[in-house]
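Notes for the one structure printed next.
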2 protein chains.
Amino acid sequence: MNSVSNFVEKLRNSGLRPTKQRIKICEVLFNTDKTFHFTINELSKIISEKIEEKISLATIYNTVHAFKREGYLKEITINSDKSYFDTNTSHHHHFFDNLTKELTDLNDEDVEKIQIKKSLPGKKISSVEILVKVENE
Amino acid sequence: MNSVSNFVEKLRNSGLRPTKQRIKICEVLFNTDKTFHFTINELSKIISEKIEEKISLATIYNTVHAFKREGYLKEITINSDKSYFDTNTSHHHHFFDNLTKELTDLNDEDVEKIQIKKSLPGKKISSVEILVKVENE
DNA sequence: ATGCTACTTTATAATGATTCTAAAAAAAGT
DNA sequence: ACTTTTTTTAGAATCATTATAAAGTAGCAT
Ligand SMILES: [Mn+2]
Ligand SMILES: [Mn+2]
Ligand SMILES: [Zn+2]
Ligand SMILES: [Zn+2]
């Protein structure tokens, strides 16, 4: 489904030249039918496991941030400890299990339409995101 | 409204003895009718401006975290850059203006009841929080 | 293809928030 | 007053992230 030409397009759109390292990063991020959540460190580990040559952290940070800027990745903020990224770029929400530290998608359709009855003068809403924290029953 | 005896109670409930430094921190946090949002660094600055003697960062961190643990403060996570705390401990949501970095309360009553139509097996919801990002009109 | 230039990668250093440490100070207990 | 426990504090350690600057590579024009 996602092939090198697709990665090249994503990189170019993000203002990045398609280098060997960046293509490798794309393979990990986009060469799957399932979307997933990751931290930069996890991504770095996945890359070093799957790939013979190592990619420096600086390159990974730069590439991930460029993709985020362009909208090919979303950043999810749960707590101040860690920054999570998401390859699911559709508008959606999250469950977070504080015990297992697991993030689960909560699709927009799975939430009754949210009505905000307050507004701020001179401001308009640019996004509404819900974080549902869960615990064991 | 909030006086020293009230601060002493909050400290004791949080497992802390009422020392001079901790009472000063309470005065900044709780000796006001308005609730507010702050970062630890901002709190540290406010304290050093309002008070002759200086309180070490370690003491401020420890005290704030003890209050959070006990529920006298809430932590609000907007992005991974900074950790915000909130003296408003009622269940509520937030507006965040990414330009001004300003946080504004959005009361529970100002949001139409949220219905989550999906559930995770073996898990129950412990909190639902909404973050509304705003931008200039 | 060759060379020129701009972009990229990388190792390493810097930064900044938070936490840890251990010694001095303060408070509590006897 | 003396002893023990708790607290404060300065400074060190840690850890994620960002910056730097030198060496490598890609794109483009000859
Ligand atoms: Mn924290
Ligand atoms: Mn970021
Ligand atoms: Zn997601
Ligand atoms: Zn608030």
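If you're wondering where the values come from, they're calculated on a predicted model, not measured in any experiment. Every chain is numbered from 1, with letters handed out A, B, ... down the list of sequences.
One interatomic measurement links the two molecules: CD of B:E42 to P of C:dG16, which rounds to 16 Å at whole-angstrom precision. Note: CG (B:L11) to P (D:dT6) measures 17 Å, nearest angstrom. For the pair B:N41 CG and C:dT15 P, the computed distance is 16 Å after rounding to whole Å. When the C1' atom of D:dA12 is taken as reference, atom OH of B:Y61 falls 15 Å away, rounded to whole Å. One can place CZ of B:F38 at 15 Å from C1' of C:dA17, the figure rounded to the nearest angstrom. Between the CD1 atom of A:I40 and the C1' atom of D:dC15 there is a distance of 14 Å, given to the nearest Å. Counting to the nearest Å, the C1' atom of D:dT18 and the CD1 atom of A:I60 are 15 Å from each other.
Taking the charged nitrogens against the carboxylate oxygens, A:E129 and A:K74 do have a contact shorter than 4.0 Å, which makes a salt bridge.
With A:F30 as the aromatic partner, A:K10 meets the cation-pi criteria of under 6.0 angstrom to the ring centre and within 45 degrees of the ring axis.
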Could you tabulate the donor-acceptor pairs under 3.5 Å formed by side-chain atoms of residues 108-115 of chain A, not counting sequence neighbours?
| from | atom 1 | to | atom 2 | distance (Å) |
| --- | --- | --- | --- | --- |
| A:D108 | OD1 | A:H91 | ND1 | 3.4 |
| A:D108 | OD1 | A:H93 | NE2 | 3.4 |
| A:D108 | OD2 | A:H91 | ND1 | 3.2 |

Expected string for nucleotides 5-13 of chain C under the B/S/- scheme (protein heavy atoms, under 4.0 Å, primed atoms plus P, OP1, OP2 as sugar-phosphate) is --SSSBB--

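A distance of 11.5 Å separates NZ in A:K24 from NZ in A:K50, rounded to the nearest 0.5 Å.
At the phosphate of D:dT18, OP1 or OP2 sits under 4.0 Å from a side-chain N or O atom of A:H65.
Enclosure of atom NZ in B:K117 by more than 12 non-hydrogen atoms of other residues, nucleotides or ligands within 6.0 angstrom is indicated.
Hydrophobic clustering, with ILVMFWY side chains joined whenever heavy atoms are under 4.5 angstrom apart, keeps B:Y84 apart from B:V64.
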